[in-house]
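Down below is the structure, laid out as structure tokens.
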Amino acid sequence: MPITAVKDNCWVLETRNTAYALGIDDKLRTPLNWYWGPKLPRRKDYRPPAPRWWHLNGTPDGLPEEYPAWGGLRFLECCLKAEFHEGTRDVILAFAGADIAGEELQIRLKDEVFPLIVTLHYRVRPDQDIIERWATFKNESDDPILIDRAFSAQWAVPDRLPCRLTHLDGQWADECHPTRDWLTQGARVIESRRITSGSHHFPFFALDRGDATEHAGQVWFGALAWSGNWKLIAEVTDGARTRASIGLNDFDFRWKLTPGETFTTPVAYGGYTSAGFGAAIRCLHDLVRDHVLPTKHLTRKVLYNSWEITTFHVNEAQQIELAKTAADMGVELFVVDDGWFHNRENTKGGLGDWWPDETKFPHGLQPLIKAVNDLGMDFGLWVEPEMVSFTSDLYRQHPDWILHYPNRPLKDNSADPLPRREKDQLILNLARTDVQDYLIALLDKLLTENNIRFIKWDMNRHPNEAGWPQAAELGRDPKEVWTRYVLGLYRIWETLRAKHPQVVFQSCQSGGGRADLGMLHVADQVWASDNSEPLSRLKIQDGFSHAIPACVIEAWVTEQNAKLLPLDFRFHVSMSGVLGVGGATSKWSSEQRDQAKKLIIQYKQLRHVIHEGDLYRLRSPSESPFSAHLYVAKDKSEAVLFAFYTQLSWPFPFPQLPLMGLDPDSLYEVEGEPAPRSGAAWQHDGLQLTFKNEISSTMKHIRKV
Ligand code: GLA
């Protein structure tokens, strides 16, 4: 049983290797965290926090509360902040009961005066060493309750030792750099205010004592399943207690909880490991593959996409020619990107009018789809349904469907000395159910009438005028738009997926701006970055690997840096994700095409290991010019090693690579090595790789003999 009561109103949640214990405090009448670490031998080993944690004046701030609400003697970051009618702005919660249902524990708390029920949900994922947490708020009164902060969880790190925070920061075309800082007293905030989870920070964190490495040491980590505005507050308080609070961003947030209504926060994931950052990411990868992704163990097809070489200038004949070359190389899925629809010559037009452009595709998409299918490939299409252009019919017909403030005049950027919107496009308000229904019907028709097996769903703007003028008529608070937009987006994707289960969906937000675990509940894969230059891409993919597995990280071989980098290097980078090709293949020599063909065959033979195996990041490209990732099959029967040498100057000593994760007692042969050795030898004595030339790479298949 993953959840057991240690005694009355005290529980321990056990995963394969870890335990999370909590109990209702007699004085506070709300839950305190007791323990979060390796599983202990006896239930009695779990104890409530020592009373020394009480502050002299009795504030609970020094205690590891599970879900502090703003009220009482609390002055630190809280999870819930609400306002009741007549202006009462504090919440005093008290325990009202608990239930265990299978792998889920529910703890009910109730405000001592107002009928607000807060339920804390804990679900155990035993095999992934993860606890899922979220909260629901139910208004049982006759008056609305205004929610001003709705976090999913607060995670307290045990002890009072200093902590380091690892997070993933970046920007457009340069996503997901692991950054590691010591936390000091005060709050460190990491967030998105862009209606997407964003490319500036990924909703992920890891905390350690400063001594964890990739392969050893204690790490407490987490992520949030949300694709809109989110916030992480890592707070060190007096007395050196560290907590991480995560949830919906409270910036410009409000939810008017009407009588009888229930609000549910997104899910926050948390895990502990004593085996370093590498073990933490393997837990998250397993979680994504086993519990997050909508289709388990999907074989991701090798795709071709001409965006980087043709941009908006696509047409039927040119795409058919590219499709022929792609099919000949072994590509399985041919995707037409931006530019295919009515009046789409550049970023200024077309969005909203989703029918094939009359000059580029005079016979519609059917002839191209048929040609692609006849070549033995699936057909895929780019769409950006959340957007409309100023010049589109859709905007002319429904000017009120966009996010806007009615009193703030809407000019296009050319008429405005200070451009107020990215790319001159407007954002449909997905908080509106009529807009959601319209997009569902539109895409349903597109998918029903055409044999489309892959949708690349893009989103290339952030709102700066997030107005929802109709909110008042509906009795809602306009600030709910940030949350309702994302819920609307999920509803559209879920409905389309249910109607068209044969379609694979990719999430793109100007690259990797919406690649979070919320999106991965509805998306099969993500476009990780608009930067396809392989040296940058190595680091970006390594960054994303902190939270998401290779099976969702799409990577294309393009022309970026093609003069300097050999074709196999460019392929190896993309083969360590979901392989795609986006280069000017018609200009490749026959030798290059033959080489690509061979690499694609090799990838198809091994992608099950890369996508489903355990990742061991032997050396990070962010730290060393010699980097290596090893993917080990779950049954340890085989593995795939990718190693890259990017140094431009010479000499560089190549250290032995310890091949981790193999069965120590089995014999393994490594492609190109003279004799098999035990897994233990490959780990402890290592593999000696050397590269004669800078900018070289290798891929090696490792097999148990
Ligand atoms: C975004 C995407 C690109 C491409 C363009 C098309 O930038 O990330 O891959 O689809 O839009 O406009």
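No experiment lies behind these values; they were computed from the predicted model shown. Position 1 is the first residue of the sequence, and the numbers go up from there. For ligands, and for the atoms within them, numbers begin at 1 and follow the listed sequence.
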Compute the shortest N/O to N/O distance between Trp556 and ligand 1 and return yes if it is under 3.5 Å, no if not.
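No: no nitrogen or oxygen of Trp556 is under 3.5 Å from one in ligand 1.
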
Output yes when the distance from some N or O of ligand 1 to some N or O of Cys508 is under 3.5 Å, and no in every other case.
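Min N/O separation from ligand 1 is not below 3.5 Å for Cys508.
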
Could you check whether the rings of [X] and [Y] sit parallel, tilted or perpendicular, using 30° and 60° as the cut-offs?
X	Y	answer
Phe341	Trp354	tilted
Tyr269	His521	parallel
His629	Tyr631	perpendicular
His342	Trp355	parallel
Trp527	Trp556	parallel

In the structure I gave you, are the side-chain heavy atoms of Leu599 and Tyr603 within less than 4.5 Å of one another anywhere?
no

List the closest protein heavy-atom neighbour of atom 2 (C) of ligand 1: residue, atom name, distance to the nearest 0.1 Å.
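I find the closest protein heavy atom is Asp458 OD2, 3.1 Å.
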
Taking the non-hydrogen atoms of Lys456, is any one of them nearer than 4.0 angstrom to ligand 1?
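It does; at least one heavy atom falls under 4.0 Å.
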
Have a look at ligand 1 and work out which part of Asn460, if any, has a heavy atom under 4.0 Å from it: side chain, backbone, both or neither.
side chain

Check each of Asn305, Asp338, Asp337 against atom 4 (C) of ligand 1 and report the one with the nearest heavy atom.
Asp337

Check each atom of ligand 1 against the heavy atoms of Trp527 and keep those under 4.0 Å away; list them by number with element.
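Checking each atom against Trp527, I get 8 (O), 9 (O).
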
Show me which atoms of ligand 1 lie under 4.0 Å from any heavy atom of Asp530.
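Here the atoms of ligand 1 in question are 1 (C), 2 (C), 3 (C), 7 (O), 8 (O), 9 (O).
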
